[in-house]
Each structure stands twice: as C-alpha cells, then as structure tokens.
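What follows is a set of notes on a single structure, which appears directly below.
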Amino acid sequence: MSKHPVVQWIDRRFPFTAFFKHELTEYKVPRNLSYWWNFGFLAGFVLVLQVVSGVFLAMHYKPDAQLAFASIEHIMRDVNYGWLLRYMHSTGASAFFVVIYIHMARTLYYGSFRAPRELMWWSGQVLLLTLMATAFMGYLLPWGQMSYWGAQVITNLFRATPFIGDQVVVWLRGDFVVGDATLNRFFVLHFFFPFLIFGIVGLHLVALHFVRSSNPSGINLKDEDNISLHPYFTFKDLFGLGIFLLIFCGFVFFYPDFFIEPDNNIPADPLKTPPHITPEWYFLPFYAILRAIPDMLGGVVAMTLSILVFAAMPYLDRSQIPGGSRYRPFYRAMFWAFVVDLSVLTYVGAQPATDEMALVGRIATIIYFSLFMVLPIISKREEAWLFVRGLPQEVMAMIAGEKESDRRKRSMDRRKTERRQGEE
Amino acid sequence: MKKIISLTGGLLISLTALASETPPLLDVELQHDTATLRQGADVVLNVCAGCHSLHYLKYRDLLEVGFTQAEVDGLRGQLEVTATIAAMSPPDMLKETYGVVPPDLSLIAKARKGGGRYVYTLFNSFYQRPDGTVDNHLFPNIRMPDVLGVASMTDPAQKKEFQESMRKVAAFLEWAADPNAAERRGMGVYVLIYLFIITLLFWLMKRRIWSDVH
C-alpha cells in the first residue's frame, strides 16, 4: 500500500505508522474474549467524557463558597445546553464507578490479576484510589448540603492520624472547618487529578500491551487463536459502547436526578446538619465498614484496608490452576459470596445507624475480610483436590508447560552463572 | 440460629418503624402544559411569593409559561427582566414572625424526595388537632401556617377546587426546579433513536467482520 507523502515524511521522523501497526492492526488479542472484556475500553471512554464535559463546566463554574451553588444553577438554566453538560458529568461519575467495578469484578472472577499481570492489577488499584479521590473532591463542588457535610465527615476522619491528626485535618481543609479555602483547593485538585489518571492509564496500557490480555480460559492461546485488535475488537468495543450509551443517555435525558441526593439541592449551611448524611453510592460499602468499627482509628484503618487488600490478591490466591473461577468451584463460590457481601454492605451503608444495622454491618465486615484471609488456604486445598479429581487436559498441559519453561529458564540461568564463574 | 431469628425480627421492626416515620406521598398525576403552569404560577406569585422567594427564577423566565411581556413588566415593576423573584415581605421580618426565613421555592421540587408529589401531599396534610391548633402529617410542627385553610375545609366541592389548584402549584414548582425538563426529554427521544440505530449498525458490522473467525 502506497503511503501518503505526508505520512512518509512523518514516518521518517516519528514511528507513526509503526505505532498503529504495533498497537492496533497487528496487536494480537485472544479471540475468545467475552463481552466482560469490554469494560476497560468503556472506562477509558468515560474518562474522556468526564474530562471533556468537566472542562466546559469549569468555564462557567465559580469555586467560591458564596457563588458556587448559584453558578451551578446558572449552568443549569442560563448556559446553552449547560444542563446537558452538568447531567453528563454527574451521571458520568456514577457510570465511571459502575464500569470500573465491573472491570475489577471481571479481573477477580477470571483471575486476571495473577502473574504476569500483577503490575496491571496494581496500577489499576492506584487508578481506583485516584478516581475515588477525584470523585470525592468533585462532589464538594456543587456546594449543596450533602456536598458540604460529606466533605466535613470524611475530612474529619483524618483526625484519626496518630499524633498529628488535628494538624492534618486543618492542612487538608485549609481552614478549621470546610469552607471557602476547602472548596477552592478541591476544585483545583479535582481539575488536576485527571492528569495523574491519564498518566497512570498510560502505564496501565503499556503493561497491557506487554503482557497481553488475559482470556476466559486462563490459558495462553496458540498463535492462530489470537486475532488483531483492529478491526475485530475495535468493532466489538464499539458495539459495547453503543449499548453503554443507550443506558447512559437513558439516565442523562430521562432520570438525570437519579444519582443526585435531594438534599444537595439545598445550598450548604454550616449551621444545619442534615438528619442523615450518606456518601455517594460507590462509597457505601467502605462507609459501612468504617461505621462497623466502634473506634474511630480502627474504623479508618479497616476502611483503608478494605480497599488496599485487593493489592494482595496475587499472593493470597496460591492456586496454580489458571482461569480463576472457570475451573475452580470453591473460588467461584467465594467470588459470589463476596459480591453478595458487598451488596449487603452497600445497603447497610445507606441506612441510618441503628443497632440492628450496626450488627449486620459488623457481620458483613467480618465476612469481607475473612474471605481474603482464608483464600490462601482454600486456594491451596482446592488445587490439591482438583488435581486428584482431574482437570481438563489443556489445563494440565498449561500447568506442565509453565513448570517446564520455568525449569528451563532456571537451568539456563544456572549455566550462565557457571560459565561466568569459569571465566573468572 | 437464635441470633438470626432475632436479627431478622429486628430488621423487620426497624423497617416498619422507618415506614411509619413519614406517611406515603399521595399519588397524583401532574400535567406540565403551558396553561396549567400559568395557573400554577399565578397562585405561587400571588400567594406563596408573599413569604417565599424564587431566587433561581428570573422575571423573564415567566415568558416561557405563558405570561405576556406586558404581564411580566407589570409584575417586575422597576426591576430588570433578569432580576430574580424575591419574596414580597422582607426576610428579616419573616424571620421575626416565623423563627426562620421561609425556604426558597425555585428548587424545592428537587430538594424533596418525591418532587411535585411532596409539595402536593404537604398541602393536603394539614389537619386540625382536637384543641383547634393546626399541624401537618407530612411535616409535623411545620412553621408555615395553613394559608389556604385546608384543615378546616368541609365542603367537598371547595376541597376539590383546592386540590385542583394545588396540583397546578406542584406542577409549576416542578417546572421552576427544572425548566429544561421538556426540552431534555424531547431531545432524549431522538438521542436514543439515533443510538439505537448506530448500535444496530455496529452490531451488524461486528458480525460481518467476525464472520471469518467463527
């Protein structure tokens, strides 16, 4: 194929065509990926959607405690299609978490976090934390009652920091209470964090294109079973995007207030605490864990651990059997138990703190951490049981192949060191 | 096992307790045609605006619900068309009378669960205690007086007329909280039709591209 002279000119100075070839038309993807593998692309799409709508919102928004609430109403009423920008952005925040949580659930279900994809899992974990911080700071910006009191409660948690708790809270807020200084800095950081997210997404993708996609079988497929990203998966992703947008736009145009608490349509009032402060739905399970521990420091530690514990998954899951839940009935049962437990925690997090709710929350919190704690034992036992019971041939071959390549590599390393020692 | 039983029992009790805390909102169909909104606006501007402001609504916005330019000019007097609608009584005086400044109404339909239905139910929930004082089922110890005297209303025809009027007020307040709702829904239909077609095309293309793989 003859190339356009401009492309030729660029190609002599920059790997333009080579890049698209390497990352798109000749980048190989397992052909058996299910639609659960669409969500990484969707997360990237929502990120761009949030940045674009956010930049335009920032052109009309005023990060000032006196003006913020009214500036949102100005966007909603006076700015041409401002309501569309604002509803896309507010619905987009929830959509982002829906997509990311499904993306993570897929990774957990199919064991995609295992070697050699640990760095993908960890960069994803950092992305989740950055996303949570960005969403939390963005939620303050409308300066409604829930915005204000949510920020008040959450920043107050940092008081649990040993020795310097009080100073940390003041440092975060820029004032002794959440106020104008807090709003201004949260706006700056809410604008800045997406740059970090873009950077980490870059790392996430470089790692992905190096280790390649996992697939539902958990087994590395033969070369002929890998097909190019473009056009096969680009069009599969576009179809998935169409379905996503149908649901997303259904909310934006017909139920835009579904994700906005009624209380947040009342301007922030530092003198009037709403009877029932709840965080956004995507924080509810972690909020429930926070409240399950009677001690504040203990609660903060448990809440932090409940998110960070995911990073340990590559070490907690000690089974050699590939494919995550696919061949492993016990792991599969634990996965679904986790999903149910998370739903219970979400429900508890949204309820007023009564004694019964605290008890349910505590039981669910114990189950949450127990599932991670028993995983090393169960995964090892399950492996032994499955070896006795018999696994599909290709899975056995895969495990044997992995061991074989491992041995070969080790003996090669040994020979290399011996040679080097001989030379000395 | 005992624990589970007591736990589910406790849950049920707490759920029923939650349910009995606030009475259910009345089921009411709200129309948002210009004539209804206009009539609702008349009540809101002549009665409610005595004490309540509508700070996010400008006089000029009233043109959208059927007011003529002359009517708007009459309402605003010396104020600009872009001035926001303030309460007729000064807030300080209201605070002295009621203990609080009455809430702004321009976002009230969004700030309460149930929106217009909440507003409608609130008006229908005034009742007379045996000692003759008036209270509200939906909002106990409400400071707003029963302006329209619904608690002592006995004539069914009069009551019906009152409810009809409140339906329009609720509809107007829903519009005031979200004036672009009609435009949004209208546009949404076309967006969904477009997305449906393009998704179908993507699906057909995907099937065609993948036909040599399966």
Side-chain angles (χ1 to χ4, degrees), chain A residues 31-32 69-70 72-74 76-78 80-84 86-87 144-145 225 227-228 230-257 260-267 272 275 347 351-352 354-357 359-360 363, chain B residues 3 6-15 17-18 55-58 61 82 84 100 103-104 106-115 118 176-181 183-192 194-210 212-214:
Chain A
R31 56 182 265 178
N32 61 338
F69 190 88
I72 299 274
E73 281 311 308
H74 167 67
M76 292 295 288
R77 290 159 191 266
D78 304 331
N80 289 348
Y81 298 105
W83 55 267
L84 182 57
R86 199 260 177 132
Y87 280 147
Q145 274 289 68
D225 285 329
I227 51 180
S228 58
H230 181 73
Y232 294 105
F233 286 96
T234 40
F235 274 91
K236 194 170 179 175
D237 280 343
L238 280 176
F239 170 56
L241 178 66
I243 301 284
F244 166 81
L245 282 177
L246 274 169
I247 300 168
F248 179 75
C249 289
F251 276 106
V252 167
F253 287 97
F254 296 97
Y255 302 99
D257 288 313
I260 299 174
E261 278 284 321
D263 267 347
N264 229 24
N265 287 300
I266 304 169
K272 204 169 148 199
Y347 174 76
Q351 301 307 312
T354 55
D355 287 347
E356 295 88 25
M357 276 302 145
L359 183 60
V360 178
I363 294 169
Chain B
K3 207 168 191 178
S6 67
L7 190 66
T8 33
L11 264 177
L12 281 176
I13 291 164
S14 66
L15 282 178
L18 270 178
H55 259 316
Y56 301 108
L57 218 55
K58 302 180 176 75
D61 296 333
T82 51
T84 61
V100 283
D104 185 83
S106 41
L107 273 170
I108 206 79
K110 272 191 175 189
R112 300 286 181 273
K113 242 179 210 129
Y118 177 94
D178 194 2
N180 296 307
E183 185 195 5
R184 192 183 70 230
R185 291 193 199 104
M187 192 194 275
V189 172
Y190 291 106
V191 169
L192 291 190
Y194 170 80
L195 280 173
F196 180 78
I197 293 169
I198 204 163
T199 306
L200 191 71
L201 288 176
F202 281 143
W203 180 66
L204 291 171
M205 279 176 89
K206 185 250 163 194
R207 242 181 33 154
R208 192 163 169 179
I209 288 165
W210 279 71
D212 62 338
V213 178
H214 291 300

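A, B, ... follow the sequence lines: proteins, then strands. Residue 1 opens every chain.
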Approximate separation, where rounding is to 0.5 Å, of A:Leu241 CG and A:Lys236 NZ: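 It comes to 15.0 Å.
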Part of A:Ile227 lying under 4.5 Å from any heavy atom of chain B: side chain
Which of [options] touches chain A most, by non-hydrogen pairs under 4.5 Å:
{"options": "B:Lys113, B:Arg207, B:Met187", "result": "B:Met187"}
{"options": "B:Leu57, B:Val189, B:Val191", "result": "B:Val191"}
{"options": "B:Leu195, B:Ile108, B:Leu200", "result": "B:Leu195"}

Test side-chain contact (heavy atoms from CB on, under 4.5 Å) applied to A:Asp78 - qualifying residues, sequence neighbours left out: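 Scan of A:Asp78 (side-chain contact (heavy atoms from CB on, under 4.5 Å), adjacent residues dropped) gives A:His74, B:Lys58, B:Arg60.
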Geometric class of the A:Phe244/A:Phe248 ring pair [parallel <30°, tilted 30-60°, perpendicular >60°]: parallel
Check against ring pair (Phe, Tyr, Trp, His ring centres under 6.0 Å), B:Tyr190 and A:Phe253: CA-CA 10 Å; B:Tyr190 291 106; A:Phe253 287 97; over 10 Å; no
Greatest number of heavy atom pairs closer than 4.5 Å to chain B - which of A:Leu238, A:Asn264, A:Thr234, A:Val252: A:Leu238
Between A:Pro256, A:Gly240, A:Gly144, the one whose heavy-atom pairs under 4.5 Å with chain B are most numerous: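 If we count pairs closer than 4.5 Å to chain B, A:Pro256 comes out on top.
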Greater than 12 external heavy atoms within 6.0 Å of A:Phe254's CZ: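 Yes, enclosed.
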Within 6.0 Å of CE in B:Met205, more than 12 heavy atoms from elsewhere: no
Residue B:Leu192 versus chain A: region with a heavy atom under 4.5 Å: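 Looking at B:Leu192, backbone and side chain both touch chain A.
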